[in-house]
Student: 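Below are the structure tokens for one structure; questions will follow.
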Amino acid sequence: MLEYQAKALFAEAGLPVPRGELAEDPQAARRIAESLGGRVVVKAQVPIGGRGKAGGIAVVETPDDAEREAARILGLEIRGYPVRRLLVEEAADIQDEYYLGITMDRSRQAPVLILSAAGGVDIEEVAEQTPERVAKVWLDPAIGLRPFHIRQAAYQAGIPNEALRPITQIAAALYRLMKEHDAILAEINPCARLADGRIAALDGKMEIDENAVFRQEKLASWKEDEDAEHPLEVEAKKRGLAYVKLDGEVGIIGNGAGLVMTTLDMIQRQGGRPANFLDIGGGAQSDVVRSALEIVLSDPGVRSALINVFGGITRCDEVAKGLLAVLSEMDVKIPLVVRLAGTRAEEGRALLEGSRLTAAETFTEAAEKAVAAAREGSRS
Ligand code: GDP
Ligand code: MN
């Protein structure tokens, strides 16, 4: 779901969102800026965060500037997502930026309310370096979100008293909205305190539980819209590959959905972030291996890749031959780690010796090497 869609839901739920409209070209951005009269913010609509840091958000003073910035932002590709739509909103006069979110904590099997007085684009660093500034209050779904939960979180988070009432109303409405739409995440960052004291949702994000999409008609079409958004996923679908774009640096190719899922977990456990899910299935021929490598390597976020193959019917020496053939024709600039296990794994590894592929024997070793290579890659 994109920001403007989340904000449409916010508005229906009575949450305070700035006035604004969607633009698909610079002229439309200018017209919206004119009709809003005065300062506006031009915002890239892509299904990921960090747009501000990527240059996808601009606060401008005049319709001329709105048009110019719109043209610039429409030419951007933010972490693989070309910008096709812009949200043009009246700009807010921000005093403070809070973070307000509700999500599912799987390990506690409960929703959790997350609140911080140090919201904005650096919330991740705040959470990592000063976790005490990010308050978390776990909820019982049978009881729901009550004002005392919000007071407790606000007190821990250091939210000033005068903001408590509006924040309480916003959090309560957000919780209702989540329940109504089967969301697993609803987030407002920044939830801003404006110069005139009002609180407004300046950014919005919602994630719907995929298992509930069938009963959320409007959201189902938004979901399809979003799926069609990433060019690599579209290309992979054409090639018949089971590929899902993720947000990290380590590209993953494996045979079998279970093995690939486990590989994502292993990368995470080693402190890395997977860049994608890609299952090439059983008995993968070298043309499938090539096609998979091409997709993974076209992701500009990828710094290393891990090819994790368990040979059953698939023979590891065949996979190794396939990989070598592909590499002799492709110019690969990032480190590739290969783990072969099962049928004819030793023969496969022997074939890879002396090539520019890094062979790994165990799963852990492979994940470690891929994560280390990605770190090296992002430093150089
Ligand atoms: P994100 O980077 O993808 O999370 O995009 P946001 O919508 O959160 O915008 C990033 C940052 O841009 C915010 O934290 C604000 O600091 C700034 N910003 C967004 N909207 C406005 C606005 O209306 N006025 C001003 N002055 N700054 C804004
Ligand atoms: Mn944001």
Side-chain angles (χ1 to χ4, degrees), residues 1-11 15-23 29 32-33 35-63 65-66 69-70 72-74 76-103 114-128 133-134 157 159 163 167 170-171 174 183 185-207 226 229-230 247 301:
M1 189 182 305
L2 297 168
E3 175 193 12
Y4 80 91
Q5 294 165 327
K7 278 177 166 168
L9 296 180
F10 286 4
L15 290 166
V17 292
R19 287 186 305 148
E21 266 180 76
L22 207 60
I32 299 166
S35 75
L36 291 173
R39 292 173 73 217
V40 294
V41 54
V42 181
K43 312 186 74 177
Q45 298 298 290
V46 285
I48 45 165
R51 295 164 301 161
K53 287 188 174 172
I57 311 272
V59 179
V60 296
E61 305 293 330
T62 67
D65 289 350
E69 283 299 296
R72 179 184 63 78
I73 296 172
L74 283 168
L76 291 179
E77 192 180 277
I78 302 180
R79 280 185 287 144
Y81 292 94
V83 181
R84 299 203 178 91
R85 280 173 277 188
L86 302 169
L87 177 60
V88 182
E89 282 185 343
E90 53 185 355
D93 215 343
I94 302 176
Q95 200 80 20
D96 291 306
E97 298 193 323
Y98 307 141
Y99 174 99
L100 169 60
I102 304 169
T103 186
I114 305 171
L115 188 59
S116 176
V121 296
D122 292 321
I123 188 66
E124 261 120 39
E125 286 83 81
V126 172
E128 203 165 294
R133 301 182 72 191
V134 180
I159 301 284
I167 291 280
I170 291 172
L174 199 63
L185 171 83
E187 185 185 87
I188 306 175
N189 182 39
C191 181
R193 190 157 68 110
L194 310 182
D196 61 12
R198 283 181 305 138
I199 306 282
L202 296 193
D203 186 11
K205 184 173 174 185
M206 276 186 55
E207 261 173 47
E226 186 183 320
E229 204 55 42
H230 202 288
D247 232 11

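Numbering of ligands and ligand atoms starts at 1, following listing order. Along the sequence shown, the residues carry numbers beginning at 1.
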Student: Just wondering, are more than 12 heavy atoms of other shown residues or ligands nearer than 6.0 Å to CZ in Arg39?
Tutor: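 Buried by this count: over 12 neighbours within 6.0 Å.
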
Student: Would you mind checking which non-hydrogen protein atom is closest to atom 11 (C) of ligand 1, with the distance to 0.1 Å?
Tutor: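 I find the closest protein heavy atom is Val121 CG1, 3.8 Å.
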
Student: Hey, mind stepping through Asp122 and Lys53 against salt bridge (charged side-chain N to carboxylate O under 4.0 Å, His left out) and telling me if it holds?
Tutor: CA-CA 10 Å; Asp122 292 321; Lys53 287 188 174 172; 2.7 Å; yes

Student: Would Gly50 count as a polar contact of ligand 1, with the cut-off being nitrogen or oxygen pairs under 3.5 Å?
Tutor: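 Min N/O separation from ligand 1 is below 3.5 Å for Gly50.
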
Student: For N/O/S atoms only: which one belongs to Asp203 and is nearest the Mn ion (ligand 2)?
Tutor: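 This turns out to be OD2.
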
Student: What I want to know is whether Lys43 and ligand 1 share at least one N or O pair that is separated by under 3.5 angstrom.
Tutor: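 Yes, since at least one N or O of Lys43 sits under 3.5 Å from an N or O of ligand 1.
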
Student: Would you say Gln45's side chain and Tyr4's backbone share a donor-acceptor pair under 3.5 angstrom?
Tutor: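 The answer is yes, because a donor-acceptor pair under 3.5 Å joins these two groups.
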
Student: To the nearest 0.1 Å, how far is atom 20 (N) of ligand 1 from its closest protein heavy atom, and which atom is that?
Tutor: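 I find the closest protein heavy atom is Val41 CG2, 3.9 Å.
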
Student: Below a 4.0 angstrom heavy-atom separation, can you tell me which part of Asp93, side chain or backbone, both or neither, approaches ligand 1?
Tutor: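 No part of Asp93 is near ligand 1 at this cut-off.
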
Student: Are side-chain heavy atoms of Phe10 and Ile188 found at a separation under 4.5 Å?
Tutor: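 Phe10 reaches Ile188 side chain to side chain.
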
Student: Measuring from atom CG of Leu74 to atom CZ of Arg84, what distance do you get when rounded to the nearest 0.5 angstrom?
Tutor: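 One gets 11.0 Å once the value is rounded to the nearest 0.5 Å.
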
Student: Provide, to 0.1 Å, the distance between atom 4 (O) of ligand 1 and the closest protein heavy atom, together with that atom's residue and name.
Tutor: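 Looking only at protein heavy atoms, the one closest to atom 4 (O) of ligand 1 is Asp203 OD2, 3.2 Å.
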
Student: State whether the number of non-hydrogen atoms from other residues, nucleotides or ligands found under 6.0 Å of Glu125 atom CD is greater than 12.
Tutor: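 More than 12 within 6.0 Å, yes.
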
Student: Any nitrogen or oxygen of Ile94, main chain or side chain, under 3.5 Å from a nitrogen or oxygen of ligand 1?
Tutor: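 N/O-N/O distance below 3.5 Å does not exist for this pair.
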
Student: Mind checking whether Asp196 and Asp93 have side chains closer than 4.5 Å, heavy atoms only?
Tutor: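 A side-chain contact is absent here, since even the closest heavy-atom pair is not under 4.5 Å.
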
Student: Please indicate whether any nitrogen or oxygen in Ile48 is less than 3.5 Å from any nitrogen or oxygen in ligand 1.
Tutor: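 It does not: no N or O of Ile48 is found under 3.5 Å from an N or O of ligand 1.
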
Student: Quick test: of every protein heavy atom, which one is nearest to atom 1 (P) of ligand 1, and how far off is it to 0.1 Å?
Tutor: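 Of every protein heavy atom, Arg51 N, 3.7 Å lies nearest to atom 1 (P) of ligand 1.
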
Student: Side chain to side chain contact (heavy atoms under 4.5 Å, CB included) between Ile159 and Leu115: does it pass, once the steps are laid out?
Tutor: CA-CA 9 Å; Ile159 301 284; Leu115 188 59; 4.0 Å; yes

Student: At a 4.0 Å threshold, what atoms of ligand 1 neighbour a non-hydrogen atom of Gly49?
Tutor: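 The list of qualifying atoms is 3 (O).
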
Student: Would a 4.5 Å heavy-atom cut-off, applied to side chains only, mark Val46 and Arg51 as touching?
Tutor: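 Heavy-atom side-chain distance check passes, below 4.5 Å.
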
Student: Quick check: Glu90 and ligand 1, any N/O pair under 3.5 Å apart?
Tutor: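 For ligand 1, there is no N or O atom that lies under 3.5 Å from one belonging to Glu90.
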
Student: Considering only protein heavy atoms, which is closest to atom 23 (O) of ligand 1, and at what distance to one decimal place?
Tutor: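 Checked against all protein heavy atoms, atom 23 (O) of ligand 1 sits closest to Ala92 N, 2.8 Å.
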
Student: Under 4.0 Å from a heavy atom of Pro190: give me the atoms of ligand 1 that qualify, with their elements.
Tutor: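 With Pro190 as reference, the close atoms of ligand 1 come out as 8 (O), 13 (C), 14 (O).
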
Student: Would you indicate which of Ile57, Val40, Leu194 comes nearest to atom 19 (C) of ligand 1 when only heavy atoms are counted?
Tutor: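 Looking at heavy atoms only, Ile57 sits closest to atom 19 (C) of ligand 1.
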
Student: Can you tell me which residue and heavy atom of the protein come closest to atom 13 (C) of ligand 1, and the distance to 0.1 Å?
Tutor: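 Checking every protein heavy atom, the shortest distance to atom 13 (C) of ligand 1 gives Glu97 OE2, 3.5 Å.
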
Student: CD1 of Ile32 to CZ of Arg19: how many Å apart, nearest 0.5 Å?
Tutor: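 CZ of Arg19 is found 12.0 Å from CD1 of Ile32.
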
Student: If you measure every N/O of Glu3 against every N/O of ligand 1, is any gap under 3.5 Å?
Tutor: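 Checking ligand 1 against Glu3, no N or O pair falls under 3.5 Å apart.
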
Student: For atom 2 (O) of ligand 1, which protein heavy atom lies nearest, and how many Å away is it?
Tutor: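 Looking only at protein heavy atoms, the one closest to atom 2 (O) of ligand 1 is Gly52 N, 2.8 Å.
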
